[in-house]
Structures are given as C-alpha cells and as structure tokens.
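Written below as structure tokens is the structure these notes are about.
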Amino acid sequence: MIPEVFIQFDPSDKHDRKGCFFVLSGPSGVGKNTLVNLILKEMRGIYYVPSVTTRAMRPGESQMNPYAFVSVEQFEDMIEKEQFLEWKKIHNNSYYGTHMPTILFAIDNGYDIITDMDVLGCQDAILRIPERIYTIFVLPPSMDELSNRLLERDADTAAVKQRLERVPLELGHKDRYDFTMINDNLEQSVNELRSIIQSVVEQRSE
Ligand code: ADP
Ligand code: 5GP
C-alpha cells in the first residue's frame with residue numbers, strides 16, 4: 001500500500017522558503033544511489049524520495065530502499081490517478097515513476113529533497129516544475145569502469161547488458177543539466193555533490 005506522502009519530514013528541517021528539488025541522472029551503475037546514501041548521512045535536512053518501480057528487488061534492497069516496489073497493476077492505477085510527476089518504461093519494460101504528492105508536499109512546505117531519474121523523465125519533470133528543480137548529471141570515469149560496477153552489483157548479465165545498451169541515450173542528454181560531475185573517487189564525488197547542494201540552497205531565499 002502506497003502512503004499519501006512517502007516521507008515523514010521533521011519540522012525542524014523546514015525552511016522559510018520553498019523546498020529545493022535535486023535530481024540526479026546518469027547511466028545505471030554510475031553510482032547515483034551510492035552518492036545519495038552518503039550525502040544523506042553527511043548532510044542534515046535533505047531527504048531522499050524513493051521512486052516507484054515495478055522492477056524486481058535486488059538482493060540487499062527492501063521496500064522504500066531505494067524504491068517503492070509495486071505491481072504493474074498498482075503502477076498503472078497510479079498513472080490513471082495522476083500520481084506521477086513523470087514516469088517512464090525503462091530496462092526490460094519495467095515502470096519507474098516519481099511520486100508527485102510527495103514532491104509537491106516537500107517543495108510547498110520548505111523541505112529539500114533529492115532523487116534520481118532517467119534523462120527522459122528528468123526532461124518531463126523540468127517542464128512541469130521548472131522553478132524549483134536542480135539537475136545534476138553523474139558521469140562514469142570510463143565505460144570499462146561503468147561495466148565493472150554494473151557487473152559487481154548484479155550477477156544477472158542480461159540485466160547488465162540492457163543497462164549498458166541505454167548508456168548512449170543517457171550520455172546524449174548530459175549537456176542539458178545544470179551541473180555535471182564524474183564519479184571517480186567516491187570521497188571526492190561526495191564532496192563535490194555536497195558543494196553543489198550547498199551552493200544552491202545558500203542562494204535561495206524564497
Ligand atoms: P546507480 O544508482 O547509479 O545505478 P549504484 O549506486 O547502485 O549505481 O552503484 C553501482 C555500483 O558501483 C555499486 O556496487 C557501488 O558500490 C559502486 N560504486 C559507486 N560509486 C563508486 C565509486 N566512486 N568507485 C567505485 N565503485 C563505486
Ligand atoms: P535500475 O535501478 O533498475 O538499475 O535503473 C534505474 C534507472 O531508472 C536509472 O536510469 C534511474 O535513474 C532511473 N529511474 C529511477 N527512478 C526513476 C523515476 O522515478 N523516474 C524515471 N523516469 N527514471 C527513474
């Protein structure tokens with residue numbers, strides 16, 4: 001059962017301005033979830049919004065970490081009820097979507113949030129809420145390193161192949177992003193992402 005708003009926000013994290021919405025894109029396996037998890041540990045007052053998906057859970061994943069896992073019927077019902085800011089069918093026809101009520105609640109109530117989206121979904125989200133969205137594209141240091149990361153994470157070689165096939169599409173959109181960064185050394189990348197987030201939130205007063 002999907003809750004009305006995914007996240008329990010702590011009122012002490014509320015700002016006197018609207019919330020900022022950070023979106024990470026980049027090829028699957030580049031390290032988006034790893035970076036987000038480390039940022040959440042290091043920075044107070046920023047919340048991860050799990051996307052909704054119909055793909056199968058991987059070992060180590062659980063409900064809401066990193067996705068709200070639902071059936072195809074549930075996802076299609078949510079499309080019909082206009083519950084998505086954007087949604088796409090990606091890898092092997094699995095659905096992925098961003099839960100609109102949670103995003104709008106956070107922005108309207110002054111909470112800063114972060115999530116990841118594929119490049120096409122990100123373009124839709126920018127069109128719908130252009131004024132509060134900040135986009136960050138994460139690049140791999142090389143294609144070999146990206147393949148290694150995917151293979152280390154997932155024993156399913158067909159799933160890895162599907163993800164690699166989508167890389168040119170993802171990379172083709174990188175110039176549309178507000179920020180780009182290379183996730184090579186993890187510690188340096190976390191510092192870079194933290195600097196990007198801090199520079200944005202420090203500039204927002206409304
Ligand atoms: P994404 O969310 O982009 O699909 P993940 O965060 O799941 O990618 O990372 C894919 C794999 O790469 C994981 O096994 C993760 O531990 C590893 N990884 C992430 N960042 C780095 C890095 N900077 N150096 C080496 N391995 C990394
Ligand atoms: P996976 O986690 O299955 O390896 O890959 C997920 C892919 O879907 C990544 O490209 C990721 O950025 C994207 N994705 C994750 N959540 C969403 C979402 O809510 N909407 C869209 N459009 N893409 C998403």
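Throughout, residue positions are numbered sequentially from 1 according to the sequence presented. Each ligand, and each atom within it, is numbered from 1 in the order the structure gives.
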Original post:
With a 4.0 Å heavy-atom cut-off (strictly under), which part of D116 contacts ligand 1: side chain, backbone, both or neither?
Top reply: neither
Among [options], whose heavy atom sits nearest [atom]?
| atom | options | value |
| --- | --- | --- |
| atom 3 (O) of ligand 1 | R58, E187, K32 | K32 |
| atom 24 (C) of ligand 2 | D118, D124, L169 | D118 |
| atom 18 (C) of ligand 2 | Q123, E170, K88, E86 | E86 |

Original post:
Are any of the heavy atoms in K32 under 4.0 Å away from ligand 2?
Top reply: yes
**OP:** For S25 and ligand 2, answer yes if some heavy atom of the residue is under 4.0 Å from a ligand atom, otherwise no.
**Re:** no
Original post:
Hey, is D112 close enough to R17 for a salt bridge, meaning N to O under 4.0 Å?
Top reply: yes
Original post:
In ligand 2, which numbered atoms sit nearer than 4.0 Å to a non-hydrogen atom of R55?
Top reply: 1 (P), 2 (O), 3 (O)
Provide, to 0.1 Å, the distance between [atom] and the closest protein heavy atom, together with that atom's residue and name.
| atom | result |
| --- | --- |
| atom 3 (O) of ligand 2 | Y96 OH, 2.4 Å |
| atom 11 (C) of ligand 2 | D116 OD2, 3.3 Å |
| atom 19 (O) of ligand 2 | S51 OG, 2.8 Å |
| atom 8 (O) of ligand 2 | I90 CD1, 3.5 Å |
| atom 2 (O) of ligand 2 | Y67 OH, 2.7 Å |
| atom 1 (P) of ligand 2 | R58 NH2, 3.4 Å |

Original post:
Can you find an N or O of N185 that's nearer than 3.5 Å to an N or O of ligand 1?
Top reply: no
Original post:
Of all the atoms in ligand 1, which lie at a distance below 4.0 Å from a heavy atom belonging to L186?
Top reply: 20 (N), 23 (N)
Original post:
Near S28, which atoms of ligand 1 are under 4.0 Å from a heavy atom of that residue?
Top reply: 4 (O)
Original post:
Is the count of non-hydrogen atoms from other residues, nucleotides or ligands lying under 6.0 Å from E165 atom CD greater than 12?
Top reply: yes
Original post:
For E131, does the CD atom have more than 12 heavy-atom neighbours from other residues, nucleotides or ligands under 6.0 Å away?
Top reply: yes
Original post:
If we only count heavy atoms from C-beta on, is the L193 to F22 side-chain gap below 4.5 Å?
Top reply: no
Subject >> Residue pair I7 / F105, side-chain heavy-atom distance below 4.5 Å >> reply: no
Original post:
Within the structure, does L24 bring an N/O atom to less than 3.5 angstrom of an N/O atom in ligand 2?
Top reply: no
Subject >> Point-to-point distance, once rounded to the nearest 0.5 Å, from CZ of R204 to SG of C20 >> reply: 6.0 Å
Subject >> Set of residues satisfying side chain to side chain contact (heavy atoms under 4.5 Å, CB included) with respect to M57, sequence neighbours excluded >> reply: E61, F69
Original post:
Does ligand 1 have any atom sitting under 4.0 Å from a heavy atom of S189?
Top reply: no
